[in-house]
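One structure is given below, encoded as C-alpha coordinates.
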Amino acid sequence: MEIFKFGGASVKDAASVKNVLSVLQKTGYKDKVIVVSAMGKMTNAFEIVIAEYLQTRKAPLELLSEVKEFHLEIARGLFESASAPVFKMIDDLFEELINFMDHNKSIQYDFVYDQIVCYGELVSSKILSEFLKSQSLEHSWLDARKLIKTDSTYRDATVNWEETQQNISSQLKHGELYLTQGFIASDANNFSTTLGREGSDYTAAILAYCLNAEKVIIWKDVPGVLNADPRVFENPQLLNQISYEEAIELAFYGASVIHPKTLQPLQRKEIPLFVKSFIDPEGAGTSVSKGQTLIPAIPCFIVKKNQVLISLSSLDFSFMVEENISEIFRLFHQYQMKVDLIQNSAISFAVCVDNRFNNLEKLIQHLKARFKVSFITGVSLYTIRHFDETAIKTLEKDKEVLLKQVMQNTVQLVTVA
(Lines give C-alpha, C1' and ligand atoms only; values in the text may rest on other atoms or scores of the structure.)
Protein backbone atom coordinates (compact mmCIF):
# COMPACT_ATOMS: atom_id res chain seq x y z
CA MET A 1 0.00 0.00 0.00
CA GLU A 2 1.11 3.55 -0.77
CA ILE A 3 0.20 6.78 1.02
CA PHE A 4 -0.28 9.88 -1.16
CA LYS A 5 -0.44 13.25 0.57
CA PHE A 6 -1.76 16.27 -1.36
CA GLY A 7 -1.20 19.65 0.29
CA GLY A 8 -3.17 22.86 0.00
CA ALA A 9 -1.40 24.03 -3.16
CA SER A 10 -2.42 20.83 -4.95
CA VAL A 11 -6.15 21.49 -4.37
CA LYS A 12 -6.19 25.30 -4.41
CA ASP A 13 -8.71 25.57 -7.28
CA ALA A 14 -10.81 23.45 -9.63
CA ALA A 15 -7.97 22.94 -12.11
CA SER A 16 -5.72 21.70 -9.29
CA VAL A 17 -8.35 19.24 -8.08
CA LYS A 18 -8.64 17.90 -11.63
CA ASN A 19 -4.87 17.51 -11.65
CA VAL A 20 -5.07 15.25 -8.58
CA LEU A 21 -7.14 12.87 -10.72
CA SER A 22 -4.51 13.14 -13.47
CA VAL A 23 -1.75 12.23 -10.98
CA LEU A 24 -3.74 9.20 -9.82
CA GLN A 25 -4.37 8.09 -13.40
CA LYS A 26 -0.64 8.28 -14.17
CA THR A 27 0.55 6.55 -10.98
CA GLY A 28 -2.27 4.07 -10.45
CA TYR A 29 -4.96 4.31 -7.80
CA LYS A 30 -5.30 0.83 -6.35
CA ASP A 31 -4.02 0.01 -2.88
CA LYS A 32 -3.59 3.64 -1.83
CA VAL A 33 -4.62 6.07 0.88
CA ILE A 34 -5.01 9.69 -0.23
CA VAL A 35 -4.43 12.29 2.49
CA VAL A 36 -5.60 15.80 1.62
CA SER A 37 -5.08 19.17 3.29
CA ALA A 38 -7.33 22.22 3.41
CA MET A 39 -7.61 23.96 0.05
CA GLY A 40 -5.16 26.73 -0.78
CA LYS A 41 -4.66 29.06 2.18
CA MET A 42 -7.89 28.08 3.91
CA THR A 43 -6.21 27.25 7.24
CA ASN A 44 -5.12 30.89 7.40
CA ALA A 45 -8.65 31.99 6.50
CA PHE A 46 -10.12 29.87 9.29
CA GLU A 47 -7.62 31.40 11.73
CA ILE A 48 -9.08 34.82 10.91
CA VAL A 49 -12.56 33.40 11.54
CA ILE A 50 -11.40 32.05 14.91
CA ALA A 51 -9.91 35.38 15.98
CA GLU A 52 -13.12 37.25 15.11
CA TYR A 53 -15.30 34.64 16.81
CA LEU A 54 -13.34 34.74 20.06
CA GLN A 55 -13.41 38.53 20.08
CA THR A 56 -17.16 38.88 19.50
CA ARG A 57 -18.38 35.50 20.82
CA LYS A 58 -20.61 35.31 17.75
CA ALA A 59 -20.23 33.35 14.54
CA PRO A 60 -18.67 35.83 12.03
CA LEU A 61 -21.18 35.16 9.30
CA GLU A 62 -19.63 37.51 6.73
CA LEU A 63 -16.20 35.90 7.05
CA LEU A 64 -17.71 32.43 7.00
CA SER A 65 -19.67 33.34 3.88
CA GLU A 66 -16.41 34.30 2.14
CA VAL A 67 -14.76 31.03 3.16
CA LYS A 68 -17.79 29.05 2.05
CA GLU A 69 -17.95 30.90 -1.27
CA PHE A 70 -14.30 30.01 -1.95
CA HIS A 71 -15.18 26.31 -1.67
CA LEU A 72 -18.40 26.69 -3.65
CA GLU A 73 -16.50 28.36 -6.49
CA ILE A 74 -14.17 25.36 -6.68
CA ALA A 75 -17.14 22.99 -6.63
CA ARG A 76 -18.83 24.93 -9.45
CA GLY A 77 -15.70 24.45 -11.52
CA LEU A 78 -15.94 20.69 -11.00
CA PHE A 79 -19.67 19.99 -11.23
CA GLU A 80 -21.98 21.33 -13.95
CA SER A 81 -25.18 20.56 -12.07
CA ALA A 82 -26.17 22.79 -9.15
CA SER A 83 -27.98 19.75 -7.71
CA ALA A 84 -24.77 17.74 -7.33
CA PRO A 85 -24.58 16.23 -3.81
CA VAL A 86 -21.38 18.14 -3.03
CA PHE A 87 -23.24 21.44 -2.66
CA LYS A 88 -25.48 20.12 0.09
CA MET A 89 -22.44 18.57 1.78
CA ILE A 90 -20.74 21.97 1.86
CA ASP A 91 -23.93 23.59 3.22
CA ASP A 92 -24.23 20.94 5.92
CA LEU A 93 -20.62 21.30 7.06
CA PHE A 94 -20.88 25.08 7.39
CA GLU A 95 -24.20 24.77 9.24
CA GLU A 96 -22.52 22.31 11.60
CA LEU A 97 -19.68 24.77 12.14
CA ILE A 98 -22.03 27.68 12.87
CA ASN A 99 -23.98 25.46 15.26
CA PHE A 100 -20.76 24.77 17.19
CA MET A 101 -20.03 28.49 17.44
CA ASP A 102 -23.57 29.24 18.63
CA HIS A 103 -23.46 26.65 21.42
CA ASN A 104 -19.79 26.58 22.42
CA LYS A 105 -19.05 27.86 25.93
CA SER A 106 -15.26 27.60 25.90
CA ILE A 107 -13.02 30.64 25.41
CA GLN A 108 -9.83 28.56 25.50
CA TYR A 109 -8.12 29.48 22.25
CA ASP A 110 -6.38 26.18 21.49
CA PHE A 111 -9.56 24.15 22.05
CA VAL A 112 -11.70 26.47 19.92
CA TYR A 113 -9.00 26.55 17.24
CA ASP A 114 -9.07 22.80 16.74
CA GLN A 115 -12.87 22.56 16.70
CA ILE A 116 -13.10 25.18 13.94
CA VAL A 117 -9.98 24.77 11.82
CA CYS A 118 -10.69 21.08 11.15
CA TYR A 119 -13.50 22.11 8.78
CA GLY A 120 -10.90 23.19 6.23
CA GLU A 121 -9.80 19.59 5.82
CA LEU A 122 -13.33 18.17 6.03
CA VAL A 123 -14.71 20.42 3.26
CA SER A 124 -11.62 19.91 1.09
CA SER A 125 -11.78 16.12 1.32
CA LYS A 126 -15.53 16.06 0.63
CA ILE A 127 -15.10 18.12 -2.54
CA LEU A 128 -12.23 15.95 -3.77
CA SER A 129 -14.11 12.77 -2.87
CA GLU A 130 -17.25 13.79 -4.76
CA PHE A 131 -15.19 14.80 -7.78
CA LEU A 132 -13.36 11.46 -7.87
CA LYS A 133 -16.71 9.65 -7.63
CA SER A 134 -18.07 11.72 -10.51
CA GLN A 135 -15.11 10.48 -12.56
CA SER A 136 -15.91 6.85 -11.67
CA LEU A 137 -12.96 6.53 -9.29
CA GLU A 138 -14.47 4.42 -6.55
CA HIS A 139 -13.04 4.84 -3.07
CA SER A 140 -14.01 5.14 0.59
CA TRP A 141 -14.06 8.52 2.34
CA LEU A 142 -12.89 8.26 5.95
CA ASP A 143 -13.00 10.77 8.81
CA ALA A 144 -9.41 10.98 10.11
CA ARG A 145 -10.76 11.91 13.55
CA LYS A 146 -12.15 8.38 13.85
CA LEU A 147 -8.81 6.87 12.86
CA ILE A 148 -6.16 8.89 14.69
CA LYS A 149 -6.65 9.27 18.44
CA THR A 150 -4.60 11.68 20.54
CA ASP A 151 -4.35 13.30 23.93
CA SER A 152 -6.06 16.64 24.57
CA THR A 153 -3.11 18.92 23.84
CA TYR A 154 -5.04 21.04 21.37
CA ARG A 155 -3.10 22.44 18.39
CA ASP A 156 -0.17 20.08 19.00
CA ALA A 157 -1.64 16.75 20.05
CA THR A 158 0.32 13.59 20.89
CA VAL A 159 -0.79 10.41 19.13
CA ASN A 160 -2.18 7.47 21.08
CA TRP A 161 -0.40 4.88 18.95
CA GLU A 162 -2.07 1.79 20.37
CA GLU A 163 -5.62 3.00 19.77
CA THR A 164 -4.69 4.56 16.43
CA GLN A 165 -3.09 1.33 15.23
CA GLN A 166 -6.22 -0.62 16.18
CA ASN A 167 -8.52 1.82 14.38
CA ILE A 168 -6.49 1.92 11.18
CA SER A 169 -5.89 -1.83 11.05
CA SER A 170 -9.59 -2.58 11.48
CA GLN A 171 -10.96 0.00 9.03
CA LEU A 172 -8.49 -0.02 6.12
CA LYS A 173 -7.85 -3.04 3.94
CA HIS A 174 -5.02 -3.53 1.46
CA GLY A 175 -6.01 -3.36 -2.19
CA GLU A 176 -8.62 -0.61 -1.72
CA LEU A 177 -8.53 3.15 -2.36
CA TYR A 178 -9.23 5.47 0.58
CA LEU A 179 -9.46 9.23 0.98
CA THR A 180 -9.02 11.00 4.31
CA GLN A 181 -7.84 14.26 5.84
CA GLY A 182 -4.44 15.35 7.04
CA PHE A 183 -3.71 17.37 10.18
CA ILE A 184 -6.81 16.43 12.18
CA ALA A 185 -7.52 13.80 14.82
CA SER A 186 -9.61 13.50 18.00
CA ASP A 187 -9.15 12.94 21.72
CA ALA A 188 -10.77 10.49 24.13
CA ASN A 189 -13.86 12.73 24.37
CA ASN A 190 -14.13 12.87 20.55
CA PHE A 191 -13.27 16.56 20.43
CA SER A 192 -11.26 17.48 17.36
CA THR A 193 -7.51 17.87 17.80
CA THR A 194 -4.76 18.87 15.38
CA LEU A 195 -1.21 17.59 14.94
CA GLY A 196 0.55 20.94 14.55
CA ARG A 197 0.86 23.16 11.50
CA GLU A 198 1.90 21.18 8.41
CA GLY A 199 0.65 18.10 10.27
CA SER A 200 -0.82 16.54 7.13
CA ASP A 201 2.60 15.09 6.36
CA TYR A 202 2.56 13.55 9.83
CA THR A 203 -0.87 12.05 9.15
CA ALA A 204 0.56 10.32 6.08
CA ALA A 205 3.43 8.93 8.16
CA ILE A 206 1.06 7.68 10.88
CA LEU A 207 -1.02 5.83 8.30
CA ALA A 208 2.11 4.41 6.64
CA TYR A 209 3.44 3.14 9.95
CA CYS A 210 0.17 1.51 10.98
CA LEU A 211 -0.37 -0.07 7.54
CA ASN A 212 3.26 -1.12 6.93
CA ALA A 213 3.05 0.87 3.72
CA GLU A 214 5.47 0.42 0.86
CA LYS A 215 6.12 4.16 0.53
CA VAL A 216 4.81 7.66 1.22
CA ILE A 217 4.69 10.29 -1.52
CA ILE A 218 4.19 13.95 -0.62
CA TRP A 219 3.00 15.86 -3.68
CA LYS A 220 4.23 19.46 -3.77
CA ASP A 221 4.48 22.38 -6.19
CA VAL A 222 8.29 21.98 -6.24
CA PRO A 223 10.28 19.19 -7.95
CA GLY A 224 11.36 17.72 -4.62
CA VAL A 225 13.35 18.78 -1.58
CA LEU A 226 15.55 21.73 -2.47
CA ASN A 227 18.69 22.81 -0.64
CA ALA A 228 17.05 26.19 0.04
CA ASP A 229 13.62 27.83 0.01
CA PRO A 230 13.22 29.38 -3.48
CA ARG A 231 11.10 32.17 -1.96
CA VAL A 232 14.13 33.32 0.08
CA PHE A 233 17.28 32.06 -1.64
CA GLU A 234 18.41 32.32 -5.24
CA ASN A 235 19.11 29.30 -7.48
CA PRO A 236 18.19 26.44 -5.13
CA GLN A 237 19.24 22.93 -6.17
CA LEU A 238 17.31 19.66 -6.03
CA LEU A 239 18.45 17.09 -3.49
CA ASN A 240 18.10 13.63 -5.02
CA GLN A 241 18.65 11.56 -1.86
CA ILE A 242 18.54 12.37 1.85
CA SER A 243 19.05 9.90 4.68
CA TYR A 244 16.43 9.70 7.43
CA GLU A 245 18.93 11.13 9.92
CA GLU A 246 19.80 14.09 7.72
CA ALA A 247 16.15 14.77 6.89
CA ILE A 248 15.32 14.78 10.60
CA GLU A 249 18.14 17.27 11.18
CA LEU A 250 16.85 19.51 8.37
CA ALA A 251 13.32 19.29 9.72
CA PHE A 252 14.48 20.07 13.25
CA TYR A 253 16.17 23.24 12.05
CA GLY A 254 13.02 24.29 10.22
CA ALA A 255 13.09 22.99 6.65
CA SER A 256 9.51 23.56 5.54
CA VAL A 257 9.15 20.73 3.04
CA ILE A 258 8.96 17.95 5.66
CA HIS A 259 7.20 18.17 9.02
CA PRO A 260 9.57 17.45 11.93
CA LYS A 261 7.46 14.60 13.33
CA THR A 262 6.85 12.94 9.96
CA LEU A 263 10.13 11.13 9.62
CA GLN A 264 10.37 9.31 12.95
CA PRO A 265 7.64 6.67 12.40
CA LEU A 266 8.87 6.13 8.85
CA GLN A 267 12.44 5.58 9.99
CA ARG A 268 11.37 3.02 12.59
CA LYS A 269 10.00 0.79 9.82
CA GLU A 270 12.35 2.01 7.07
CA ILE A 271 9.44 3.18 4.91
CA PRO A 272 10.83 5.46 2.16
CA LEU A 273 9.40 8.93 1.72
CA PHE A 274 9.34 10.63 -1.68
CA VAL A 275 8.75 14.32 -2.28
CA LYS A 276 7.55 14.83 -5.84
CA SER A 277 5.94 17.46 -8.03
CA PHE A 278 2.24 17.20 -8.83
CA ILE A 279 3.08 19.25 -11.93
CA ASP A 280 5.51 16.55 -13.12
CA PRO A 281 4.36 13.34 -11.38
CA GLU A 282 6.72 11.18 -13.41
CA GLY A 283 9.79 13.15 -12.28
CA ALA A 284 12.27 11.50 -9.92
CA GLY A 285 11.74 13.91 -7.02
CA THR A 286 13.62 13.40 -3.77
CA SER A 287 13.98 10.13 -1.90
CA VAL A 288 14.24 10.16 1.89
CA SER A 289 15.37 6.73 2.98
CA LYS A 290 18.11 4.64 4.48
CA GLY A 291 21.39 5.32 2.72
CA GLN A 292 23.82 8.08 1.83
CA THR A 293 23.49 11.28 3.86
CA LEU A 294 23.02 13.75 1.02
CA ILE A 295 23.16 13.53 -2.76
CA PRO A 296 24.50 15.89 -4.03
CA ALA A 297 26.73 16.89 -1.08
CA ILE A 298 26.05 20.65 -1.00
CA PRO A 299 25.23 23.22 1.71
CA CYS A 300 21.56 23.38 2.74
CA PHE A 301 20.06 26.72 3.79
CA ILE A 302 17.12 27.13 6.17
CA VAL A 303 15.52 30.29 7.54
CA LYS A 304 12.98 30.76 10.32
CA LYS A 305 11.57 34.25 10.50
CA ASN A 306 9.69 36.10 13.25
CA GLN A 307 11.75 34.51 16.01
CA VAL A 308 12.56 35.96 19.42
CA LEU A 309 16.11 36.33 20.78
CA ILE A 310 16.05 36.26 24.59
CA SER A 311 19.14 37.10 26.67
CA LEU A 312 19.23 36.22 30.37
CA SER A 313 21.66 36.74 33.21
CA SER A 314 21.38 36.29 36.98
CA LEU A 315 20.37 39.32 39.03
CA ASP A 316 23.45 39.04 41.25
CA PHE A 317 25.94 38.17 38.45
CA SER A 318 26.31 34.63 39.79
CA PHE A 319 26.99 31.74 37.42
CA MET A 320 24.20 30.45 35.16
CA VAL A 321 24.45 26.92 36.54
CA GLU A 322 22.32 23.81 36.09
CA GLU A 323 19.65 24.93 38.57
CA ASN A 324 19.05 28.21 36.70
CA ILE A 325 19.05 26.57 33.29
CA SER A 326 16.66 23.87 34.49
CA GLU A 327 14.23 26.56 35.68
CA ILE A 328 14.48 28.39 32.36
CA PHE A 329 13.64 25.28 30.35
CA ARG A 330 10.78 24.44 32.69
CA LEU A 331 9.29 27.83 31.84
CA PHE A 332 9.87 27.33 28.11
CA HIS A 333 7.93 24.08 28.35
CA GLN A 334 5.18 25.69 30.42
CA TYR A 335 4.67 28.46 27.89
CA GLN A 336 5.07 26.17 24.83
CA MET A 337 8.16 27.89 23.44
CA LYS A 338 10.18 25.92 20.89
CA VAL A 339 13.88 26.54 21.47
CA ASP A 340 15.82 26.72 18.19
CA LEU A 341 19.23 27.89 19.40
CA ILE A 342 21.09 28.03 22.72
CA GLN A 343 24.27 29.87 23.64
CA ASN A 344 25.55 30.35 27.17
CA SER A 345 28.54 31.67 29.04
CA ALA A 346 29.41 31.71 32.75
CA ILE A 347 26.97 34.51 33.60
CA SER A 348 24.64 34.77 30.59
CA PHE A 349 22.28 32.59 28.61
CA ALA A 350 20.84 33.38 25.15
CA VAL A 351 18.12 31.51 23.30
CA CYS A 352 16.28 31.95 20.03
CA VAL A 353 12.69 30.77 20.38
CA ASP A 354 9.57 30.39 18.27
CA ASN A 355 6.64 32.20 19.88
CA ARG A 356 4.03 30.25 17.89
CA PHE A 357 1.53 30.11 20.78
CA ASN A 358 1.85 33.85 21.56
CA ASN A 359 2.91 33.34 25.17
CA LEU A 360 5.97 35.60 25.05
CA GLU A 361 4.62 38.33 27.34
CA LYS A 362 3.69 35.83 30.06
CA LEU A 363 7.06 34.11 29.77
CA ILE A 364 9.02 37.36 30.02
CA GLN A 365 7.14 38.46 33.12
CA HIS A 366 7.83 35.11 34.75
CA LEU A 367 11.54 35.19 33.82
CA LYS A 368 11.96 38.73 35.19
CA ALA A 369 11.15 37.46 38.67
CA ARG A 370 14.48 35.63 38.74
CA PHE A 371 16.66 36.95 35.92
CA LYS A 372 17.80 40.06 34.17
CA VAL A 373 16.00 39.82 30.82
CA SER A 374 16.30 41.49 27.43
CA PHE A 375 14.71 40.33 24.21
CA ILE A 376 14.39 41.23 20.54
CA THR A 377 11.35 40.16 18.52
CA GLY A 378 11.10 39.68 14.77
CA VAL A 379 14.60 38.31 14.27
CA SER A 380 15.52 35.71 11.64
CA LEU A 381 17.35 32.46 12.38
CA TYR A 382 19.45 31.16 9.50
CA THR A 383 20.88 27.64 9.53
CA ILE A 384 23.39 26.15 7.08
CA ARG A 385 23.88 22.40 7.13
CA HIS A 386 27.16 21.12 5.61
CA PHE A 387 28.43 24.68 5.34
CA ASP A 388 31.58 25.98 3.72
CA GLU A 389 33.19 29.41 3.99
CA THR A 390 31.59 30.61 0.77
CA ALA A 391 28.13 29.72 2.06
CA ILE A 392 28.71 31.59 5.33
CA LYS A 393 30.07 34.71 3.63
CA THR A 394 27.19 34.75 1.17
CA LEU A 395 24.65 34.50 3.98
CA GLU A 396 26.30 37.14 6.19
CA LYS A 397 26.51 39.70 3.40
CA ASP A 398 24.44 42.84 4.13
CA LYS A 399 23.04 41.38 7.37
CA GLU A 400 23.40 42.55 10.97
CA VAL A 401 24.38 39.39 12.85
CA LEU A 402 23.27 39.36 16.50
CA LEU A 403 24.51 35.88 17.34
CA LYS A 404 26.57 33.25 15.56
CA GLN A 405 27.14 29.63 16.49
CA VAL A 406 29.38 27.20 14.60
CA MET A 407 29.25 23.42 15.10
CA GLN A 408 30.80 20.54 13.19
CA ASN A 409 28.20 20.28 10.41
CA THR A 410 26.01 23.27 11.15
CA VAL A 411 26.29 27.04 11.49
CA GLN A 412 23.45 29.22 12.82
CA LEU A 413 23.07 32.97 12.59
CA VAL A 414 20.52 35.20 14.30
CA THR A 415 20.06 38.38 12.30
CA VAL A 416 17.93 41.49 12.35
CA ALA A 417 15.13 40.70 9.93
Which atom pairs, donor and acceptor, lie under 3.5 Å between side-chain atoms of residues 176-183 and protein residues at least two apart or in another chain?
residue	atom	partner	partner atom	Å
Tyr178	OH	Lys173	N	2.8
Thr180	OG1	Leu142	O	2.9
Thr180	OG1	Ala144	N	3.3
Gln181	OE1	Ala144	N	2.7
Gln181	NE2	Ser125	OG	3.0
Gln181	NE2	Leu142	O	3.0

Heavy-atom count check: over 12 atoms from other residues, nucleotides or ligands less than 6.0 Å from Gln166 CD? no

Presence of salt bridge, [Y] and [X], under 4.0 angstrom:
X	Y	result
Lys220	Asp201	no
Arg145	Asp143	yes
Lys399	Glu396	no

Got a donor-acceptor contact below 3.5 angstrom from the [X] side chain to the [Y] backbone?
X	Y	value
Asn189	Phe191	no
Tyr253	Lys304	no
Asn355	Asn359	yes
Asn227	Cys300	no
Gln307	Lys305	yes
Asn324	Phe319	yes
Thr262	Tyr202	yes
Ser124	Gly120	no
Thr193	Ser152	no

Report the residues that fulfil side-chain contact (heavy atoms from CB on, under 4.5 Å) with Leu402, sequence neighbours left out, ordered by chain and then residue number. Leu309, Ile376, Val379, Glu400, Val414, Val416

Listed by chain and number, what are the side-chain contact (heavy atoms from CB on, under 4.5 Å) partners of Ile295, not counting sequence neighbours? Asn240, Gln241, Gln292

In Å, rounded to the nearest 0.5 Å, how long is the span from [atom1] of [X] to [atom2] of [Y]?
X	Y	atom1	atom2	result
Leu147	Gln171	CG	CD	5.0 Å
Ser170	Gln165	OG	CD	9.5 Å
Ser289	Lys215	OG	NZ	11.0 Å
Asn167	Glu162	CG	CD	11.0 Å

Check side chain to side chain donor-acceptor pair (under 3.5 Å) between [X] and all other residues, then give those that pass, not counting sequence neighbours.
X	answer
Gln334	Arg330
Ser106	none
Tyr209	none

Kindly determine whether Asn160 and Asp187 satisfy side-chain contact (heavy atoms from CB on, under 4.5 Å), including the steps that lead there. CA-CA 9 Å; Asn160 180 327; Asp187 64 14; over 6 Å; no

Sequence neighbours excluded - ring pair (Phe, Tyr, Trp, His ring centres under 6.0 Å) pairs with any residue from residues 286-308: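 Sorted pair list: Phe233-Phe301.
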
Sequence neighbours left out, what pairs pass ring pair (Phe, Tyr, Trp, His ring centres under 6.0 Å) with at least one residue falling in residues 130-158? Phe111-Tyr154

Can you sort out the partners of Phe252 under ring-ring contact (aromatic ring centres under 6.0 Å, His included), two or more places apart, ordered by chain and number?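 By the ring-ring contact (aromatic ring centres under 6.0 Å, His included) rule, Phe252 matches no residue at all.
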
Counterpart residues, ring-ring contact (aromatic ring centres under 6.0 Å, His included), relative to Phe4 (two or more places apart):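 Per chain and number, Phe4 pairs via ring-ring contact (aromatic ring centres under 6.0 Å, His included) with Trp219.
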
Once salt bridge (charged side-chain N to carboxylate O under 4.0 Å, His left out) is applied, what residue pairs with a partner in residues 270-285 remain, sequence neighbours excluded?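 Pairs touching residues 270-285 that pass the test: Glu270-Lys290.
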
Applying side-chain hydrogen bond (donor to acceptor under 3.5 Å, both in side chains), which residue pairs with at least one partner in residues 21-32 are found, sequence neighbours left out? Glu2-Lys32

Let me know which of Gln336, Lys261, Lys338 forms a side-chain hydrogen bond (donor to acceptor under 3.5 Å, both in side chains) with Asp156.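 Answer after filtering Gln336, Lys261, Lys338: Lys261.
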
